[in-house]
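This report concerns only the one structure given below.
Counting convention: from 1, in listed order, for ligands and their atoms alike. The model shown is predicted, which means the values in this text are computed figures rather than measured ones.
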Amino acid sequence: MDNNLLKINNLYVEYITTNPVNDSKQVVHAVNGVNFTIKIGEIFALAGESGCGKSTLARTILNLEKAKSGEILFKGKNILTFTRKELKEYRKSAQMIFQNPYSSLNPKMKIIDTLKEPLDINTDYSDIEKYNIINDTIKKVGLDIDIINKYPHEFSGGQRQRIAIARALILNPELIIADEPVSALDVSIQAQIINLLKTLKNDYNLTFILITHDMSIIKYLADKVAIMYLGEIVEYGTSSQIFVNPKHPYTKALLSAVPKLDGTKSDAIPLSGDLPSPTNLPSGCKFHTRCPYCMDVCRSCSPSDKEVFDGHNVKCFLYLNT
Ligand code: SF4
């Protein structure tokens, strides 16, 4: 039996928005033919600029957005064809940690009620059993059981994010999606939350999808990394493959400011211009409008995925004939 928890096959997600200038409808091509596999116990990072489609992809994996086509296989079963009952079970197995702990916790609910609510909705446990689960989960995230009778406003940002992580853990999920989990926190607190995620992965063999634009966090936490650009994964590999030997010009641009694992700096490639709109995708290679190595072929043809080393894939004409 393979060790795969999640396998995404040729996934497309589109949605319609209204153009604020002329009120016309336009299609947002948010996710465009994405493929990847995540093994049990891995931290899989999705990296890219804001608007590249990584949060939409995460929400689609949780079935909060509708896919246009493709497959999302969770333990071998396609969640896009799940019945309502199967989806209810799946939602217990896949949870999300949101970016902002100030808005993700209900200010009117005591912590005990916030943590008990998912147990009330999804389980038949007795009150004693629920209390024991809450107690265990609070300890897992480094807090004391005394906090449960307080309200969110009584905590710091770091403590709130620990409570939000506890809520994500309370149903004992197998997959957790962490969407920019520290970007709303003070820098002094960020390291504590990052270390907590690492401890949870190591101690409980949890599987994470980590969404962030911060390559330093990815370098510290991730086992595998996928670089997204305009809804496509343009490079994919282990953390050391991506940080020591990045291939795609966009990956190199993202990594320009981050020291490599061997202590040297990555080849600096300036990232010029803004991310094009996902309502009007460029022809050919979607990065060609910003790529310093752009060739004629890049403007008209889309490069296919090439495995440049074991498990290290890149979408770029610079590597297609090597
Ligand atoms: Fe640059 Fe061409 Fe490679 Fe795209 S395919 S990243 S435009 S060199």
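A search for ring pair (Phe, Tyr, Trp, His ring centres under 6.0 Å) contacts involving Phe74 returns Tyr90, not counting sequence neighbours. Applying the ring pair (Phe, Tyr, Trp, His ring centres under 6.0 Å) test to Phe36 and every residue at least two apart in sequence or in another chain returns Phe44.
For Thr137 (side chain) and Ile133 (main-chain N/O), a donor-acceptor pair under 3.5 Å exists by modelled atom type.
Distances from ligand 1 to the non-hydrogen atoms of His248 include at least one value under 4.0 Å.
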Stepwise, does the side chain to side chain donor-acceptor pair (under 3.5 Å) test hold for Tyr220 with Asn195?
CA-CA 9 Å; Tyr220 180 68; Asn195 284 328; 2.7 Å; yes
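Here atom 2 (Fe) of ligand 1 has protein N, O or S atoms under 2.8 Å from it, and they come to 1.
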Could you go through residues 151-158 and list every donor-acceptor pair under 3.5 Å that involves a side-chain atom there, pairing it with any protein atom two or more places apart or in another chain?
from   : atom 1 : to     : atom 2 : distance (Å)
Glu154 : OE2    : Tyr151 : N      : 2.9
Ser156 : OG     : Gln159 : N      : 3.3
Ser156 : OG     : Gln159 : OE1    : 3.3

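No side-chain N or O of Thr56 forms a donor-acceptor pair with one of Glu65 less than 3.5 Å apart.
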